[in-house]
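Just so we're on the same page: letters track the sequence lines, and every chain starts at 1. Just so we're clear, the structure is a prediction, and the values are computed from it rather than from any experiment.
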Protein chains: 2
Amino acid sequence: MTDTPIRLLLADDHPVVRAGLRAVLETEPGLEVVAEAATAEDAVTRATQGDIDVVLMDLQFGQGMTGAQATAAITARPGAPHVLVVTTYDTDADVLPAIEAGATGYLLKDAPPEDLAAAVRAAATGRTTLAPAVGDRLMHRLREPHAALTLREIEVLTLVAGGLSNQAIGARLYLTEGTVKSHLARIYTKLDVDSRTAAVATATQLGLIRR
Amino acid sequence: MTDTPIRLLLADDHPVVRAGLRAVLETEPGLEVVAEAATAEDAVTRATQGDIDVVLMDLQFGQGMTGAQATAAITARPGAPHVLVVTTYDTDADVLPAIEAGATGYLLKDAPPEDLAAAVRAAATGRTTLAPAVGDRLMHRLREPHAALTLREIEVLTLVAGGLSNQAIGARLYLTEGTVKSHLARIYTKLDVDSRTAAVATATQLGLIRR
DNA sequence: GCCGGCCTCAATCGAAAGTTAGAACCGGCG
DNA sequence: CGCCGGTTCTAACTTTCGATTGAGGCCGGC
């Protein structure tokens, strides 16, 4: 295990969090932090230079590209580093896009340092590590398909929760109002509700959307 | 300024964030991290032992007491350390309770390390440091006297947030549907929105209704 | 290749929600 | 006391939303 170290890129817009990850991981043998990125765009360019084994990726960045988009951009090309998502939230709205984008693992920031190091080593070999809460959520999705909203549906419902009208949602997502309605109709049957506010209420309750 | 160092307590439920704050602050001369706390309860007991000058307090903890409650408990007694809130969010629902609880400063976690160290030194002497976004928010509140909702309006809006229709709300509160609409119309003008879902969104953001 | 989800769009029709314009009630104040 | 501001209530009118039905394209599994 002491041959070549695992080379890491830290992508997070919080300097404090980057310093914390660095402090926690550099005490671990066989791990080496070789770069940091404060924006998702920087993370993509830095991760595609060929000298990174694992990217620790936050999902929320202040402006611009999201962590999920950056993850997709990084994992798109062959021979790319593995991306280990390290973030604060475990709602479907966060987890599903990240996994969809090709993340190798999904950890929460309250994870103890040992788990973090173990997950990094697992990710380096392509093995998946999920935070317990995330694993539970995915298992629950498989058992109870009733609450399983698709990615697009969560996207629409999140905008509904933000108070946008169907027309405004359509404009934002480049859809017609009719399409938005059709998504909402399916959301209503899946969640067994009959209005947008009720859908937001139960979806928030179930952790399908945040806020 | 090189006489006695400023003694710090780090209160955050994320090990990574604690390590990051420690790494960032220990490189600063005159600052010394003497304790950490992973829960708000621990923070209170540790902060009241007399050997702490400044507490860096997160607001969100996984379980139990919130950071704002802990801040109130700490600042309640005379001769208590100053509390510098260091958190992720700057919504009214976060900022106002923290300031109400006696926080000396309010910083966001995306602050650069220099600002952090400067804010700690300011807090040690009782001076206030606010993140720019927080300052703006407070100024804005003073200019736009926040149309506080009446009891009845909050009652109605809470039911709206629960997903009930105007008719159902009327039945619940022994009103006609028209009356409910009239209340909502007033709520919309006060909150400067134009739909029920938007009203719920901003009211939740502002902490006017819960969950 | 066929089938079954998922995403997209469309058009109707009834039912809510939102808008407007008032009126009754109550407490404080000149 | 009469006036006023705030709250509560009501009945119209307009707009948006939700239900329903139907259909085409795309992708992945059997």
Side-chain angles (χ1 to χ4, degrees), chain A residues 68 72 76 92-93 95-97 99-102 138 141-203 208-209, chain B residues 144-203 208-209:
Chain A
D92 282 20
V95 175
L96 295 181
I99 293 178
E100 181 75 11
L138 291 181
R141 276 184 75 85
L142 295 181
R143 288 205 193 84
E144 304 258 343
H146 76 83
L149 298 185
T150 69
L151 220 54
R152 198 57 161 171
E153 287 162 355
I154 288 178
E155 215 172 348
V156 170
L157 189 52
T158 301
L159 293 179
V160 170
L164 278 69
S165 69
N166 290 343
Q167 202 174 15
I169 294 170
R172 182 79 76 86
L173 299 179
Y174 305 106
L175 302 176
T176 65
E177 185 188 346
T179 304
V180 175
K181 285 185 176 184
S182 132
H183 284 301
L184 276 175
R186 246 172 298 112
I187 291 171
Y188 295 158
T189 58
K190 284 185 179 180
L191 296 183
D192 191 29
V193 296
D194 53 5
S195 76
R196 54 208 294 114
T197 48
V200 170
T202 69
L208 300 175
I209 59 176
Chain B
E144 304 257 338
H146 207 255
L149 299 184
T150 68
L151 217 56
R152 198 63 160 171
E153 287 164 353
I154 290 180
E155 211 172 354
V156 170
L157 189 53
T158 302
L159 293 179
V160 169
L164 278 68
S165 69
N166 289 344
Q167 201 173 21
I169 294 170
R172 184 78 77 85
L173 299 179
Y174 304 105
L175 305 175
T176 64
E177 184 189 347
T179 305
V180 175
K181 289 183 177 182
S182 149
H183 286 303
L184 277 175
R186 185 165 295 274
I187 292 170
Y188 295 160
T189 58
K190 282 186 178 179
L191 297 183
D192 191 28
V193 297
D194 54 4
S195 76
R196 55 207 296 111
T197 47
V200 170
T202 70
L208 299 175
I209 58 177

Task: Min side-chain heavy-atom separation A:Arg152-A:Leu175 under 4.5 Å - done: yes

Task: Residue A:Glu177 excluded, over 12 heavy atoms near CD under 6.0 Å - done: yes

TODO: For the residue pair A:Ile169 and A:His183, establish whether any side-chain heavy-atom pair is separated by less than 4.5 Å.
DONE: no

Task: Residue pair A:Lys190 / A:Thr150, side-chain heavy-atom distance below 4.5 Å - done: yes

Task: Length of the CG-P vector between A:Asp194 and C:dG14, whole Å - done: 19 Å

Open item on the list: Donor-acceptor check, side chain of A:Ser182 to backbone of A:Gly178, threshold 3.5 angstrom: yes or no?
Closed with: no

Open item on the list: Atom CZ of residue position B:Arg186 - does it have more than 12 heavy atoms of other residues, nucleotides or ligands inside 6.0 Å?
Closed with: no

TODO: Return the value, rounded to whole Å, for the distance between atom CG of A:Leu151 and atom C1' of C:dC7.
DONE: 12 Å

TODO: Provide, to the nearest angstrom, the distance between the CD atom belonging to B:Glu155 and the C1' atom belonging to D:dT7.
DONE: 13 Å

Open item on the list: Within the 4.0 Å limit for protein heavy atoms, which parts of nucleotides 9-17 of chain D are touched? Write it as a string from 5' to 3', B for base, S for sugar-phosphate only, - for none.
Closed with: BB------B

Task: d(CD, B:Glu153; P, D:dT7) in whole Å - done: 6 Å

Task: Closest to side chain of A:Leu184, choosing from C:dG18, D:dG18, C:dT19 - done: D:dG18

